[in-house]
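Right, one structure below, let's go through it.
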Amino acid sequence: MMKAIFHIDVNSAYLSWEAKDRLEKGETLDLRTVPSAVGGDPKKRHGIILAKSLPAKKYGIKTGESLPEAFNKYPGLIVVPPNYGLYMQCSHQMNEIFNQYSPLVQRYSVDESFIDYSNMEHLFGDPLKVAHEIKDRIKNELGFTVSVGVSTNKLLAKMASDLKKPDAVVTLYPEEIPEKMWPLPVGDLFMVGRRTKPKLENLNIETIGDLANTEVELLRNVLKSHGVQIWNYANGIENSEVSGGPREVKGIGNSTTIPYDVHTKEEAYLVLLSLTETVAMRLRAGGFSAGLVSIGIKTSSFFYYSHQRKLEIATDSTQELYEIAKELFEEVWAGEVIRHLGVRVSDLKEGGMRQLTLFEEAGEYQRHQRIDRTIDALRLRYEPTCVFRGCFANTKIKPLQGGVGEEDYPMMSSLL
DNA sequence: TCTGGGGTCCTAGGACCC
DNA sequence: TCTGGGGTCCTAGGACCC
């Protein structure tokens, strides 16, 4: 039997949520009706457009571009700072509505979810009717609009929700593929990004239809398994499940663009420590220890490189992870001016405890473990910055950097 | 007033072992 | 005697997503 899959996408999510929040707080201007955007702070070198209104889009303003670029296109652009706590809250409210229609809801990102509505017709009625009902309830009860894609698999539902914005329900059933999906430029297909698009165009593949009708072996030769995947997608072939519940975490990382250029090892170490603090807290909060540590460096000329090491013994100790991060940095840094640093752990093992090696002093690790647990508890009870290391005093570096796991949601990924 | 942050998966090449 | 090949592990880098 055929499945009924919905994909719900919040229209200009961050901006819509800012707009509705400001209206609720008594502001009279609806940001959605004027050229406006959510953007980072240029003084901290975080100045990019994170979301824009439809009127801003009309002036050619794009997500990801720098604020100066955007102001060039429309000097009167209203830019507001992001508020991730608010976005998380709006996301939760929206998903609570979804949960009323099916037990199988997959939160794909903060502003996108899949619903498997198969075999639910008896309870709530025809899929298309329910899709409209969900869309309208979100608008009326929560104050923002969504686009709902309806089809028989996740790929088609996701492509469908992109076809009309804002405030729309669109079907893209398999028999509608030639008419609705094939005329689109090939870059509109999920998983055809900025590097693959020109490669396809070199093969005279301009539209999704061109891709669908290309010999799959040719694509395999040029793009390996990725070529086969996008050929399947172009033909509407995709059969992954809507997975209820959060996905298994594979890695945890934090990175930051430092507000000023870093020239010395000592300054870099301080940033690495602040990142490691957050990463390690999130690691312990998830009850994991890490078997692999990697660091990343972006230079002032935007060259990026990374270095990693597998550990003989997995650990969740802030101190141990920091020592490794420092060593990794020392091993690769060639003295370039640093713009951005990152720390990431992966190869996660269940359980924060670790086995002591034969030669190891039992005291050292357990001492660190006690410190970590105590600090975690304090930071959770009061605020994350209530305890921090003395070395950050009198420096411009924040003692913790990156999001703390508290309000975790399943991160976006390129997996359906 | 220059270009964020958090993820996942795939591939290529070298080391090492049998 | 200087020629093998397969398998696995590890690292770096690149591609994609929101």
Side-chain angles (χ1 to χ4, degrees), chain A residues 7 9-10 12-14 38-51 62-72 75 77 79 81-82 84 87 91 107-113 154-155 158 162 187 189-199 223-230 233 246-259 261 275 278-279 282 291-312 328 331-332 339-348 401-405 407-416:
Chain A
H7 177 256
D9 193 335
V10 179
S12 314
Y14 289 4
V38 176
D41 180 0
K43 286 202 276 298
K44 291 183 179 162
R45 308 206 291 190
H46 291 183
I48 64 155
I49 301 286
L50 298 162
K62 297 191 181 86
T63 301
E65 73 186 350
S66 70
L67 293 192
E69 279 176 299
F71 283 124
N72 260 334
L77 185 72
V79 179
Y84 295 101
Y87 310 154
S91 177
R107 242 173 123 179
Y108 184 65
S109 76
V110 71
D111 71 325
E112 290 182 30
S113 289
K154 286 160 71 178
L155 182 274
K158 183 157 169 55
D162 252 358
L189 183 64
F190 182 71
M191 288 302 286
V192 177
R194 55 183 246 277
R195 312 306 289 230
T196 305
K197 190 172 185 251
K199 289 181 195 168
L223 299 170
K224 314 286 176 190
S225 64
H226 181 52
V228 180
Q229 187 187 33
I230 59 176
Y233 287 177
R247 278 192 8 168
E248 192 188 348
V249 186
K250 298 287 173 58
I252 297 169
N254 285 116
S255 63
T256 188
T257 294
I258 306 135
D261 283 338
L275 292 164
T278 328
V279 167
R282 293 172 60 199
L292 182 75
V293 182
S294 64
I295 61 127
I297 301 171
K298 182 150 64 176
T299 70
S300 57
S301 44
F302 282 81
F303 179 70
Y304 179 83
Y305 57 98
S306 64
H307 191 39
Q308 67 181 52
R309 188 195 299 164
K310 213 172 178 312
L311 309 183
E312 284 182 27
L328 289 168
E331 282 166 18
V332 283
R339 177 185 176 87
H340 168 112
L341 285 168
V343 173
R344 154 164 289 274
V345 296
S346 52
D347 204 352
L348 303 184
Q401 262 171 118
V404 183
E407 71 287 329
D408 257 0
Y409 58 91
M411 287 306 300
M412 4 255 171
S413 85
S414 45
L415 280 182
L416 279 187

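To the nearest whole angstrom, the two C1' atoms, one in C:dC17 and one in B:dG4, are 15 Å apart.
Phosphate proximity of C:dC18 to A:Thr63: absent, as no side-chain N or O sits under 4.0 Å from OP1 or OP2. For C:dA15, the OP1/OP2 oxygens have no side-chain nitrogen or oxygen of A:Lys197 closer than 4.0 Å. For C:dA12, one of the phosphate oxygens OP1 or OP2 lies less than 4.0 angstrom from a side-chain nitrogen or oxygen of A:His307. Of the side-chain N and O atoms in A:Asn254, none sit less than 4.0 angstrom from OP1 or OP2 of B:dG5. In this structure, A:Thr257 reaches the B:dG5 phosphate: one of its side-chain N or O atoms is under 4.0 Å from OP1 or OP2.
Residue contacts shown for A:Ser294 are absent, as no nucleic acid heavy atom lies under 4.0 Å away. Looking at heavy-atom distances under 4.0 Å, A:Gly342 makes no contact with the nucleic acid at all. Among the heavy atoms of the strands, none lies under 4.0 Å from A:Leu223. Among the protein residues, A:Glu69 comes within range of no part of the nucleic acid, since none of its heavy atoms lies under 4.0 Å from any strand. A:Leu67 comes within 4.0 angstrom of nothing in the nucleic acid, heavy atoms only. A:Gly40 comes within contact range of no nucleotide atom at all, as no heavy-atom separation falls under 4.0 Å.
Note that CD1 of A:Ile49 is 5.5 Å distant from CG of A:Leu77, once rounded to the nearest 0.5 Å. Distance CG/A:Asp9 to OG/A:Ser109: 7.5 Å, rounded to 0.5 Å.
With distances taken from any side-chain atom of A:Ser66 to the nucleotides B:dT3, C:dA12, C:dC17, the minimum falls on B:dT3. Which of B:dT1, B:dG4, C:dC16 sits closest to the side chain of A:Pro42 comes down to B:dT1. Here C:dA15 is the nucleotide among C:dA15, B:dG5, C:dG13 with the atom lying nearest to any side-chain atom of A:Lys199. Nearest to the side-chain atoms of A:Lys158 among the listed nucleotides C:dG13, B:dG4, C:dC17 stands C:dC17. Across C:dG13, B:dT3, C:dC18, the shortest atom-to-atom separation from the side chain of A:Ser306 is found for C:dG13. The side chain of A:Thr256 lies closest to B:dG5, out of C:dC18, B:dT11, B:dG5. Relative to the side chain of A:Phe302, the nucleotides B:dT3, B:dG4, C:dC18 differ in distance, and B:dT3 lies closest.
For the pair A:Gln229 CD and C:dC16 P, the computed distance is 11 Å after rounding to whole Å. Put simply, NE2 on A:His46 is 16 Å from P on B:dT1, counting in whole angstrom units. Rounded to a whole Å, the CZ atom of A:Arg339 is 9 Å from the P atom of B:dC2. When the P atom of C:dC16 is taken as reference, atom NZ of A:Lys250 falls 20 Å away, rounded to whole Å. Between A:Lys310 atom NZ and C:dC9 atom C1' there is a gap of 9 Å when expressed in whole angstrom units. Rounding to whole angstrom units, NZ of residue A:Lys224 and P of C:dG14 are separated by 17 Å. Per the geometry, CZ belonging to A:Phe190 stands 12 Å off P belonging to B:dC9, to the nearest Å. Residue A:His226 contributes atom NE2, which lies 21 Å from atom P of C:dG13 at whole-angstrom precision.
A:Ser91 contributes a side-chain N or O that, together with a main-chain N or O of A:Val110, makes up a donor-acceptor pair within less than 3.5 Å. Counting only distance, with no hydrogens or angles, the side chain of A:His46 and the backbone of A:Thr257 share a donor-acceptor pair below 3.5 Å.
Closest-nucleotide positions on DNA chain B for A:Lys298 and A:Arg344 were compared, and the one nearer the 5' end corresponds to A:Lys298. Place A:Ser255 and A:Pro68 on DNA chain B by their nearest nucleotides, and A:Pro68 ends up nearer the 5' end.
Nucleotide B:dC9 forms a Watson-Crick or G-U wobble pair with C:dG14, both donor-acceptor distances falling under 3.5 Å.
We find that A:Glu112 and A:Lys158 are joined by a salt bridge, their nearest charged nitrogen and carboxylate oxygen being less than 4.0 Å apart.
You'll find the side chain of A:Asn254 stays beyond 4.5 Å of the side chain of A:Val343, heavy atoms only. A:Thr256 is not listed as a side-chain neighbour of A:Thr278, based on a closest heavy-atom distance of 4.5 Å or more.
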